[in-house]
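Notes to accompany the following structure.
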Amino acid sequence: MTTVTESLARPLRPALLAAARSPRLEQLVSRAKPTAALARRFVGGNDRVAVLPVLREILASGRYVTVDYLGEDTTDPAAARATVDEYLLMIADLATLASADTTPGSARPVEVSVKLTALGLTVDPDLARRGLREICEAAALADVWVTVDAEDATTAEITRTIVSEFYPEFPTLGLVVQAYLRDSGAVCRERSGRRIRLCKGAYREAADVAYQDVEAVNASYLGSLRELMAGTGYPMVASHDPLIIEAADGYDRPADRWEHQMLFGIRDDEQRRLIDSGSAVRVYVPYGTEWYGYFMRRLAERPANLMFFLRALTERRSR
Ligand SMILES: Cc1cc2nc3c(=O)[nH]c(=O)nc-3n(C[C@H](O)[C@H](O)[C@H](O)COP(=O)(O)OP(=O)(O)OC[C@H]3O[C@@H](n4cnc5c(N)ncnc54)[C@H](O)[C@@H]3O)c2cc1C
């Protein structure tokens, strides 16, 4: 059901997603104190030291974590190198946080999520390949899982190709599939033996590649979920939507063969309820100072976040 705030805010979504790619707005918004304070609701910390206690607390509650070092669309090879180095340090820290059950096929409590454009994909795909290889090698030694995030549709094909190239050596490498993409059902069918995170999709896409209305995206999600749940892989159901959560729970699949996933700072109570009901839940925890694009996508998908943001700005102005 669509609420009044949702229908009022939906037309703003394309503008917010366009703003998420604007360097000028990034400067403006990132420097504004109220925005930085709000962004903190969705970001685990500004650096590794700050995020570690947050990760520890989530793990202590029985939930798993996947950690994202914020940053995307990197055009500077030195920045791409720095991102790989940061992931290597984070993987070393994650290995000390949780002891994994190393039985083949069992879930790893700690994972990193990686955006290939942060590893330099748009400069040179081979640079991203080399970075991802270093991350996967270190993660395999540390019993940490790796999942490659899905970005805008122009990167979908190369991202899927690179992940496939890695399967022989790193069979548990995870891939994100966005249900708004028209080919998501086919991709899920083809990869239903793999570790796949299914989400709705957070970018602004053209109608020829992506469904545009909520009902079509939901139908695509449910169809893609059916493909994954019929397979031998490890479905990761990334959604805060009660419709999706209920549909996933309706499958008769052992709790250690799939998991729910939600974003840090969103529906914490629901995450705990799912854990209490015996489901596995992983929390996606971003950290770092490059939170602008991530934050704007959160504003675009949730009117309540946008209202909160606007209220904070007006309250500040009227002070
Ligand atoms: C773990 C994880 C990883 C992700 N990785 C990627 C990725 O790699 N690439 C990508 O494009 N996108 C990614 N996303 C984002 C995803 O594509 C969606 O944009 C985002 O999850 C919003 O969609 P939704 O399914 O949660 O529900 P929405 O369609 O946003 O919301 C549907 C309903 O869910 C409920 N709901 C949603 N949020 C809240 C809330 N804060 N409080 C209470 N109820 C709420 C409401 O009932 C709402 O009507 C990821 C999401 C998660 C959870």
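The basis for the numbers below is simple: all heavy atoms, side chains too, and nothing from hydrogens, waters or symmetry mates. All ligand and atom numbering here is 1-based and tracks the order in the structure. Throughout, numbering of the chain's residues begins at 1 and tracks the sequence.
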Can you tell me if [X] contacts ligand 1 (heavy atom of the residue under 4.0 Å from the ligand)?
| X | answer |
| --- | --- |
| Glu270 | no |
| Leu263 | yes |
| Arg41 | no |

Which of the ligand 1 atoms, numbered from 1, are nearer than 4.0 Å to a heavy atom of [X]:
| X | result |
| --- | --- |
| Arg298 | 15 (C) |
| Asp149 | 8 (O) |
| His240 | 21 (O), 24 (P), 25 (O), 26 (O), 34 (O), 35 (C), 36 (N), 37 (C), 38 (N), 53 (C) |
| Val176 | 7 (C), 8 (O) |
| Gly201 | 11 (O), 16 (C), 17 (O), 19 (O) |
| Met262 | 53 (C) |
| Ser239 | 24 (P), 25 (O), 26 (O) |
| Tyr203 | 11 (O) |

Next on the checklist: Assess whether a salt bridge exists between Arg133 and Glu165, defined as any Lys/Arg side-chain N lying under 4.0 Å from an Asp/Glu carboxylate O.
Outcome noted: no

[X]-ligand 1 polar pair, N/O distance under 3.5 Å:
| X | value |
| --- | --- |
| Ala202 | yes |
| Ala150 | yes |
| Ile266 | no |
| Gln261 | no |

Can you check whether [Y]'s main-chain N or O pairs, donor with acceptor, with [X]'s side chain at less than 3.5 Å?
| X | Y | value |
| --- | --- | --- |
| Ser192 | Leu228 | no |
| Arg257 | Gly233 | yes |
| Ser239 | Asp241 | yes |
| Tyr180 | Tyr203 | yes |
| Arg195 | Val146 | yes |
| His240 | Gln261 | no |

Checklist entry - Rest of the hydrophobic cluster containing Val49 (Ile/Leu/Val/Met/Phe/Trp/Tyr, side-chain heavy atoms under 4.5 Å)? => result none

Checklist outcome for this item: So for Arg282 against ligand 1, with non-hydrogen atoms under 4.0 Å, the contacting part is neither

Checklist entry - How does Lys115 reach ligand 1, if at all, at less than 4.0 Å between non-hydrogen atoms: by side chain, backbone, both, or neither? => result neither

Item to check | Within 6.0 angstrom of Arg81 CZ, more than 12 heavy atoms from elsewhere | outcome: yes

Next on the checklist: Rounded to the nearest 0.5 Å, what separates atom CG in Leu94 from atom CG in Leu89?
Outcome noted: 11.0 Å

Checklist entry - Should one rank Asp241, Leu243, Thr66 by closest heavy-atom distance to atom 34 (O) of ligand 1, which comes out on top? => result Asp241

Checklist entry - Among Glu151, Gln178, Lys200, whose heavy atom sits nearest atom 28 (P) of ligand 1? => result Lys200

Checklist entry - Are the ring centres of Tyr64 and Trp145 closer than 6.0 Å? => result no

Checklist outcome for this item: Hits for ring pair (Phe, Tyr, Trp, His ring centres under 6.0 Å) against Tyr287, two or more places apart or cross-chain, chain-then-number order -> Tyr69

